[in-house]
Amino acid sequence: MPSLNRTLCHILPLMLLCQPAAAQDAASPAEPPFTSIQPGDFAIAGSLSNSWADFDNDGDLDLVVSLKGGDIRLYRNDNGKFVNVGPQLGLPTSGPEMRGVAWGDYDGDGWVDLLGGATMPGELSLVFRNEGGKKFTNVALELGLTIPNRSARQTSWVDYDNDGDLDVYAANRIGPNSLYRNDKGKFVQVSAGTGVSDSRPTVGACWFDYNRDGFLDVFLANQSGATDALWRNNGDGSFTDVAPELGLDNPGRSKEEGGVGCAVGDYDNDGNLDLFVPNYGVNALYHNNGDGTFTNVAKDMGVGIDNHAVGAVWGDYDNDGYLDLYVTSYHGPRDQQQPRDSLFHNEGGKGFRQVLTETSQLNVGDHGVQWVDYDRDGALDLSVMRGYTSQGGHFLFHNDLDRAAARRSLSVTLLDAKGRFTRMGAEVRLYDKAGKILATRQLSTGDGYNSENAAPLHFGLKTMDTVKVEVTWMSRKGRKIQTLPNVDPANYAGKSLVIKER
């Protein structure tokens, strides 16, 4: 763990932005202490998307970053020191810009593969097959995943038909989205021109089972004044947009407004997955009411600010048992944009407080953001991208939470029955001895702006008491529950509880 004397950020006074009325009299949390890691190595302008996975199966998480100019940097994690091994492993250092990066084991060989979507029309997406952690080979053409006529934003590896392999959903900023079914390692476009092949300008896409029928549905954050969508997966290969009837479409926006990303998380620990949507305009927080309906509570909860938000991701950075929210945003004229980020501390599920100021060292992002415990100390670290201006970079901040608090956590890794990382969208819930729910997490299907992690789930804990772990897998027979009673979090300090699907 880095020394607190080495580049330790100073504690800044709280700037109270959009605080909920219910929390007016509560004590204000200060900005948490973080240490900047390898700032000289990571200070590279044009940093866009970031995603984490253990590409070499050595037990720790590695970082991939896409940059303007086509560079895809893969930083191998060598005991907390990050080394760019992308060029020697076959990843490009220049060429078409890849605006999204997503990890997933599409061929089921036990090694996570990497997909990058081309930003500019006329360019083609790239799919890099992981050759045993030794090199990457672009196989997009032979797989049928070049995805032409696209300005890529979010790309998601998801098993939409619950047949056990990963399919691909490709959001498109300039034309119809596309869904590709995985047929024994080859990909075939389905629903072309209809349904989920939505023609609105999509930037963010998040898959989750909002109605608990066992099939993953997809929310789309759409730009340029278009309404948003929630395409319900009917389980028979068809989809129905239910956003208008559920109040998730956000109509009446100007051409300058629109959805940019999305992030799924259970912020109030009621067992239901909620949805945050960062917007050009007023952000939205849709509370899942547990009956298939949602309520936009952004204003009441203190996160409904009017901004140019881009990326958002949930994570319990202080291990108090509640998900906090980081949002990247920017302001200022073109080519002079400056970050205006938010770290919203969760006040026990009853509201959020902004704990960053304009001068905070964490206020550096305008594109991608991810929470990740890269050194396995139990505390979530912050990985944030700045794409605008020459001062850009892909910044990594170590969370300097005190050791006792950092250990008050549990990491959970979900694998399929053959030990492969293919279960995107699966859910995990923790319960105490009395059967009360403590928290819910979902395996990433895309968040943080145009990325998809293949990383363990992190649970902050109020106590180190034993818990029951409940996993919900999506299957053709509906939601399938698997439980592990009497799990002692102390037994998993510095490692992850690995659960294989039964």
Side-chain angles (χ1 to χ4, degrees), residues 1-10 31-56 58-89 91-94 98 101 103 114 133 311 313 315 317 326 328 339 341 343 356 359-401 403 406 448-449 451 453-455 458 494:
M1 177 177 178
S3 169
L4 294 183
N5 294 322
R6 179 165 55 85
T7 325
L8 177 63
C9 74
H10 56 284
E31 179 188 335
F34 282 78
T35 298
S36 181
I37 302 298
Q38 295 180 226
D41 297 327
F42 294 153
I44 302 174
S47 300
L48 300 170
S49 304
N50 64 322
S51 193
W52 293 78
D54 182 8
F55 84 89
D56 52 0
D58 68 349
D60 54 26
L61 292 171
D62 312 293
L63 168 65
V64 67
V65 177
S66 66
L67 293 97
K68 295 179 180 179
D71 192 357
I72 299 179
R73 296 199 159 214
L74 176 59
Y75 291 96
R76 189 181 62 216
N77 184 347
D78 291 344
N79 297 316
K81 172 72 175 179
F82 290 88
V83 179
N84 180 22
V85 296
Q88 69 193 60
L89 296 186
L91 296 183
T93 57
S94 63
M98 298 291 122
V101 286
W103 292 102
L114 180 66
V313 65
Y317 73 84
Y326 196 100
T328 59
D341 297 348
L343 175 51
L356 298 188
T359 57
S360 298
Q361 73 154 350
L362 301 184
N363 182 39
V364 293
D366 55 28
H367 278 75
V369 59
Q370 290 290 343
W371 291 108
V372 58
D373 183 10
Y374 75 84
D375 60 348
R376 295 173 293 178
D377 67 350
L380 286 176
D381 312 300
L382 183 67
S383 173
V384 62
M385 306 289 104
R386 185 171 181 179
Y388 292 136
T389 79
S390 60
Q391 301 174 24
H394 33 280
F395 304 99
L396 179 61
F397 296 97
H398 181 269
N399 187 345
D400 295 329
L401 195 64
R403 186 171 182 179
Y449 184 74
S451 69
N453 280 334
H458 172 271

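Note that these values count all heavy atoms, side chains included, but never hydrogens, waters or copies made by symmetry.
If you take CZ on Arg376 and CG on Leu61, they are separated by 8.5 Å, rounding to the nearest 0.5 Å. Atoms CG and OG, on Leu67 and Ser49 in that order, are 9.5 Å from each other to the nearest 0.5 Å. Taking CD1 of Ile44 as the start and OG of Ser390 as the end, the distance is 13.5 Å to the nearest 0.5 Å. Between atom CG of residue Leu401 and atom CG of residue Asp377 there is a gap of 8.0 Å, rounded to the nearest 0.5 Å. Taking CZ from Phe55 and CG from Asp60, the interatomic distance works out to 9.5 Å, rounded to the nearest 0.5 Å. To the nearest 0.5 Å, atom CG of residue Leu380 and atom NE2 of residue His458 are 4.0 Å apart.
The shortest distance between side-chain heavy atoms of Thr35 and Phe397 does not fall below 4.5 Å. Counting heavy atoms from C-beta outward, Tyr317 and Leu343 have side chains that approach closer than 4.5 Å. In this structure the side chain of Leu382 never reaches within 4.5 angstrom of the side chain of Asn399, judged on heavy atoms. When side chains are defined from C-beta on, Tyr326 counts as touching Leu356, because their heavy atoms get closer than 4.5 Å. Val372 is not listed as a side-chain neighbour of Asn453, based on a closest heavy-atom distance of 4.5 Å or more. In this structure, the side chains of Asn77 and Phe82 come closer than 4.5 Å at one or more pairs of heavy atoms. Side-chain atoms of Val384 and Val364, non-hydrogen and from C-beta on, do get closer than 4.5 Å to each other. Here the side chains of Asp366 and Thr389 are not in contact, with every heavy-atom distance at 4.5 Å or above.
The salt bridge (Lys or Arg N to Asp or Glu O under 4.0 Å) test applied to Asp71 returns Arg73, not counting sequence neighbours. Contacts of Tyr75 classified as ring pair (Phe, Tyr, Trp, His ring centres under 6.0 Å), with partners at least two apart in sequence or in another chain: Phe42, His394. Contacts of His367 classified as ring pair (Phe, Tyr, Trp, His ring centres under 6.0 Å), with partners at least two apart in sequence or in another chain: Tyr388, Tyr449. Asp58 is linked by a salt bridge (Lys or Arg N to Asp or Glu O under 4.0 Å) to nothing, counting only residues two or more places apart in sequence or in another chain. For Asp381, there are no side-chain hydrogen bond (donor to acceptor under 3.5 Å, both in side chains) partners at least two apart in sequence or on another chain. Under the salt bridge (Lys or Arg N to Asp or Glu O under 4.0 Å) criterion, Arg76 pairs with Asp78, not counting sequence neighbours.
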Would you please test Val65 and Met385 for side-chain contact (heavy atoms from CB on, under 4.5 Å) and show each step? CA-CA 9 Å; Val65 177; Met385 306 289 104; 3.7 Å; yes
Can you check side-chain contact (heavy atoms from CB on, under 4.5 Å) on Asp341 and Leu362, steps first, answer last? CA-CA 8 Å; Asp341 297 348; Leu362 301 184; over 6 Å; no
Quick one: do Asn50 and Leu63 satisfy side-chain contact (heavy atoms from CB on, under 4.5 Å)? Show the steps, please. CA-CA 7 Å; Asn50 64 322; Leu63 168 65; 3.9 Å; yes
Evaluation steps, side-chain contact (heavy atoms from CB on, under 4.5 Å), between Glu31 and Asn363: CA-CA 11 Å; Glu31 179 188 335; Asn363 182 39; over 6 Å; no
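Panel note: side chain Ser66, backbone Met98; a donor-acceptor pair is recorded below 3.5 Å. Checked by atom type and distance alone, the side chain of Gln361 pairs as donor or acceptor with a backbone atom of Phe34 at under 3.5 Å.
Among all heavy-atom pairs drawn from Lys68 and Gly387, the shortest one is NZ-O, 3.4 Å. Of all heavy-atom pairs spanning Thr93 and Pro87, the tightest one is CG2-CG, 3.7 Å.
For the residue pair Gln370/Ser451, the side-chain donor-acceptor check at 3.5 Å is satisfied.
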